[in-house]
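Let me begin by presenting the structure, written as structure tokens, before commenting on it.
Counting begins at 1 with the first residue of the sequence.
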Amino acid sequence: MIYILTGAIRSGKTTALLHWSKNRNDVDGLLCPDDANGKRYFLKLKNKTIFKLEAEAEAETEAIVAIGNFKFLRSAFNEANDYLILEASKTERQYLIIDEIGKLELKNEGLHVSTKALISQFKSKDNTHLILVVRDYLLDAVLEHYGITECSILTTEDLENLI
């Protein structure tokens, strides 16, 4: 089953997922919160490991993926994609989260590799669930880009109803 958690920019989607998953042992995946300095990083939910996502201003061009004013480390996306695909192959969790699917993924960059692979894998599963975080204004484009025809759309308030 595929769930899509959607909402406006800075509406608390990642924070809501952090709270929802905090005391659960059946959830894994990656969240992309901001640190105290407003820099984004990846958080592996299961083991609470973090790794850097945003590049420093002086990073070499071939080492970064740029979108708008943001510069992200290409190596971080490689690690993130590998992690998500590996975790999806394990059977002990019920929910796998990808935060977030956005403009980079629509250009086949960022988390596109894992997203594409996992959507097709989770489409036919009833007992494991993929949760994709998508900004509200990109929802239709993401559904079309990935060929998602069956999913449940969630808001942050709906998370509490997931068992």
Legend entry - Trace of the side chain to side chain contact (heavy atoms under 4.5 Å, CB included) decision for L139 with I153: CA-CA 9 Å; L139 180 59; I153 307 296; 4.0 Å; yes
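- Here the side chains of T128 and Y95 are not in contact, with every heavy-atom distance at 4.5 Å or above.
- To the nearest 0.5 angstrom, M1 atom CE is 7.5 Å from C151 atom SG.
- Side-chain contact, N78 with S75: no donor N or O sits under 3.5 Å from an acceptor N or O.
- Counting all heavy atoms, side chain and backbone alike, K13 lies closest to T6 at CD-C, 3.8 Å.
- By the 4.5 Å heavy-atom criterion applied to side chains, H129 and Q94 are counted as neighbours.
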Legend entry - side chain to side chain contact (heavy atoms under 4.5 Å, CB included) between L73 and F51, intermediate numbers included: CA-CA 10 Å; L73 295 168; F51 59 101; over 6 Å; no
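- Hydrophobic clustering, with ILVMFWY side chains joined whenever heavy atoms are under 4.5 angstrom apart, keeps F122 apart from V133.
- Looking only at side-chain heavy atoms (C-beta outward), L130 and I98 come within less than 4.5 Å of each other.
- Under the 4.5 Å side-chain heavy-atom criterion for grouping Ile, Leu, Val, Met, Phe, Trp and Tyr, L138 is connected to L111 within one hydrophobic cluster.
- Here the closest non-hydrogen pair linking I148 and I4 is CD1-CD1, 4.2 Å.
- In this structure, the separation between CZ on R40 and CG on L31 is 12.0 Å, given to the nearest 0.5 Å.
- Listed by first then second residue, pairs satisfying side chain to side chain donor-acceptor pair (under 3.5 Å) with a partner in residues 97-107 read T14-D99, E100-R135, not counting sequence neighbours.
- Atoms CG and SG, on L17 and C32 in that order, are 12.0 Å from each other to the nearest 0.5 Å.
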Inset, instruction - Output, in order, the C-alpha distance, side-chain angles, deciding distance and verdict of side chain to side chain contact (heavy atoms under 4.5 Å, CB included) for W20 and I131. - result: CA-CA 12 Å; W20 174 76; I131 300 175; 4.0 Å; yes
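- Listed here is the closest heavy atom pair of L84 and G29: CD2-CA, 3.9 Å.
- Taking all atoms of both residues into account, the shortest heavy-atom contact from V27 to S21 is CG1-CB, 3.9 Å.
- Under the 4.5 Å side-chain contact rule for hydrophobic residues, L159 and L45 share a cluster.
- Judged by distance alone, with hydrogens and angles left aside, the side-chain atoms of N81 form a donor-acceptor pair with the main-chain N or O of G110 at under 3.5 Å.
- Residues A80 and F42 share a closest heavy-atom pair of CB-CE1, 3.8 Å.
- Contact check for L104 versus F77: side-chain heavy atoms found under the 4.5 Å cut-off.
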Legend entry - I64 vs F72, side chain to side chain contact (heavy atoms under 4.5 Å, CB included): CA-CA, chis, key distance, verdict: CA-CA 5 Å; I64 64 167; F72 299 115; over 6 Å; no
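- Looking only at distances, a side-chain donor or acceptor of D35 sits under 3.5 Å from a matching main-chain atom of N37.
- Every residue two or more places apart in sequence or in another chain was checked for a salt bridge (Lys or Arg N to Asp or Glu O under 4.0 Å) with R74, and none qualifies.
- Atom CD1 of residue I101 and atom CG of residue L106 lie 9.0 Å apart, to the nearest 0.5 angstrom.
- With E54 contributing its side chain and K39 its backbone, the two residues share no donor-acceptor pair below 3.5 Å.
- Note that CG of L96 and OG of S89 are 10.0 Å apart. Values are rounded to the nearest 0.5 Å.
- The pair R10-D34 meets the salt-bridge criterion, with a side-chain N (NZ, NE, NH1 or NH2) lying under 4.0 Å from an Asp/Glu carboxylate O.
- Hydrophobic clustering (side-chain heavy atoms under 4.5 Å, transitive across Ile, Leu, Val, Met, Phe, Trp, Tyr) groups L132 together with Y137.
- In the displayed structure, K71 atom NZ is contacted under 6.0 Å by at most 12 heavy atoms of other residues, nucleotides or ligands.
- Side-chain atoms of S11 come within 3.5 Å of backbone N or O of A8 as a donor-acceptor pair.
- Under the 4.5 Å side-chain heavy-atom criterion for Ile, Leu, Val, Met, Phe, Trp and Tyr, L43 and L86 are members of distinct hydrophobic clusters.
- Here T149 pairs with nothing under the side-chain hydrogen bond (donor to acceptor under 3.5 Å, both in side chains) rule; sequence neighbours left out.
- The distance from the CD1 atom of I2 to the CD atom of Q121 is 10.5 Å, given to the nearest 0.5 Å.
- The pair K44-E79 meets the salt-bridge criterion, since a charged nitrogen lies less than 4.0 angstrom from a carboxylate oxygen.
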